[in-house]
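Data block below; observations after.
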Amino acid sequence: HVQLVESGGGSVQVGGSLRLSCVASGDTIGRYCMGWFRQIPDREREGVAGIESDGSTSYADSVKGRFTISKDNTKNILYLQMNNLKPEDTAMYYCAAALMVTQRIDSEFAQYEYTNWGQGTQVTVS
């Protein structure tokens, strides 16, 4: 099964940018639906962006136009480019993989379809 390790988080000013990376090992991400989720303490994990095995993408309304999900199948890396960051984007960000998903990435049930998770990387916007 695929193992995932996120990096690229940090502290940034409002309006700034960050690019998160998720390096996969043990399997090729080309086989999976990949997603980025975020969570703040005492809140449910929420889906931010998803990319299917065919490359089609979807976004939560809150990040549409500001975040871009992409992947490099040859390097086995998933990315999340985050621009025009806002304080409400502050959260722990996780990448995740699923062989198949049926829910939209912003569905409250989406997280339950993803079977493999990284440890997370913290993003703080102030």
Side-chain angles (χ1 to χ4, degrees):
H1 62 278
V2 65
Q3 293 91 48
L4 305 170
V5 179
E6 303 95 335
S7 64
S11 296
V12 64
Q13 292 184 333
V14 173
S17 298
L18 283 174
R19 188 175 79 158
L20 306 183
S21 299
C22 173
V23 177
S25 60
D27 204 346
T28 173
I29 61 172
R31 299 181 59 225
Y32 292 84
C33 301
M34 303 295 297
W36 285 100
F37 292 77
R38 65 187 181 188
Q39 188 173 26
I40 59 175
D42 300 323
R43 295 282 297 273
E44 284 288 324
R45 195 170 292 185
E46 65 171 350
V48 172
I51 186 165
E52 309 244 350
S53 55
D54 66 359
S56 58
T57 59
S58 57
Y59 297 91
D61 287 343
S62 59
V63 307
K64 205 170 290 183
R66 300 188 298 123
F67 291 12
T68 303
I69 188 171
S70 63
K71 61 178 179 172
D72 186 329
N73 287 339
T74 60
K75 295 182 178 178
N76 231 20
I77 302 177
L78 177 73
Y79 300 102
L80 185 68
Q81 178 66 44
M82 305 186 294
N83 298 328
N84 191 21
L85 283 160
K86 305 176 179 180
E88 52 264 42
D89 295 318
T90 295
M92 184 72 78
Y93 283 72
Y94 299 89
C95 69
L99 286 173
M100 187 181 71
V101 297
T102 63
Q103 300 289 323
R104 284 176 51 88
I105 191 65
D106 57 352
S107 162
E108 62 181 301
F109 304 110
Q111 61 175 311
Y112 303 110
E113 295 192 312
Y114 287 78
T115 54
N116 301 83
W117 293 83
Q119 294 300 305
T121 185
Q122 178 69 35
V123 172
T124 303
V125 185
S126 60

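This is a predicted model, so every value here is computed, not measured.
- Put simply, the side chain of Trp36 reaches to within 4.5 Å of the side chain of Glu6, judged on heavy atoms.
- Using a 4.5 Å heavy-atom threshold, the side chains of Val23 and Asn76 count as separate.
- With hydrogens and angles ignored, the 3.5 Å screen pairs no side-chain donor or acceptor of Glu52 with any backbone N or O of Cys33.
- To the nearest 0.5 Å, atoms CZ (Arg38) and CG (Leu80) are separated by 9.5 Å.
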Evaluation steps, salt bridge (charged side-chain N to carboxylate O under 4.0 Å, His left out), between Asp89 and Lys86: CA-CA 5 Å; Asp89 295 318; Lys86 305 176 179 180; over 6 Å; no
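- Heavy atoms only, all atoms of each residue included: Ala24 and Leu4 are closest at CB-CD2, 3.8 Å.
- Rounded to the nearest 0.5 Å, atoms CE (Met82) and OG1 (Thr68) are 11.0 Å apart.
- Ring to ring, Tyr114 and Phe37 are close: their centroids are under 6.0 angstrom apart.
- Distance check, rounded to the nearest 0.5 Å: CD1 of Ile29 to OG of Ser53 gives 11.0 Å.
- Here CD of Gln39 is found 7.5 Å from CD of Gln111. Values are rounded to the nearest 0.5 Å.
- At a threshold of 4.5 Å between non-hydrogen side-chain atoms, the residues Tyr32 and Ile51 do not count as touching.
- Transitive grouping of hydrophobic side chains (ILVMFWY, heavy atoms separated by less than 4.5 Å) brings Met92 and Trp117 into a common cluster.
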List the atom pairs, donor and acceptor, that lie under 3.5 Å between side-chain atoms in residues 9-20 and the rest of the protein, sequence neighbours left out.
from, atom 1, to, atom 2, distance (Å)
Ser17, OG, Asn83, OD1, 3.0

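- Note that CG of Leu99 is 5.5 Å distant from CZ of Arg31, once rounded to the nearest 0.5 Å.
- Panel note: side chain Thr115, backbone Ala98; no donor-acceptor pair is recorded below 3.5 Å.
- With a 6.0 Å radius and a threshold of 12 heavy atoms from other residues, nucleotides or ligands, Lys75 has its NZ atom at or below the threshold.
- The two residues Val2 and Ala97 make their nearest non-hydrogen contact at CG1-CB, 3.8 Å.
- By the rule that hydrophobic residues join a cluster once side-chain heavy atoms approach within less than 4.5 Å of another member, Tyr94 and Val123 end up as members of separate clusters.
- Looking at every heavy atom in both residues, Phe67 comes nearest to Tyr59 through O-CE2, 3.2 Å.
- Side-chain atoms of Glu113 come within 3.5 Å of backbone N or O of Gln103 as a donor-acceptor pair.
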Residue pair Gln3, Asn116: steps toward the side chain to side chain contact (heavy atoms under 4.5 Å, CB included) verdict: CA-CA 7 Å; Gln3 293 91 48; Asn116 301 83; over 6 Å; no
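- Distance CD/Glu46 to CD1/Ile40: 7.5 Å, rounded to 0.5 Å.
- A pairwise comparison of heavy atoms in Thr121 and Gly8 identifies OG1-N, 4.1 Å as the closest pair.
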Audit row: Val48, Ile105, side chain to side chain contact (heavy atoms under 4.5 Å, CB included) steps and yes/no: CA-CA 7 Å; Val48 172; Ile105 191 65; 6.0 Å; no
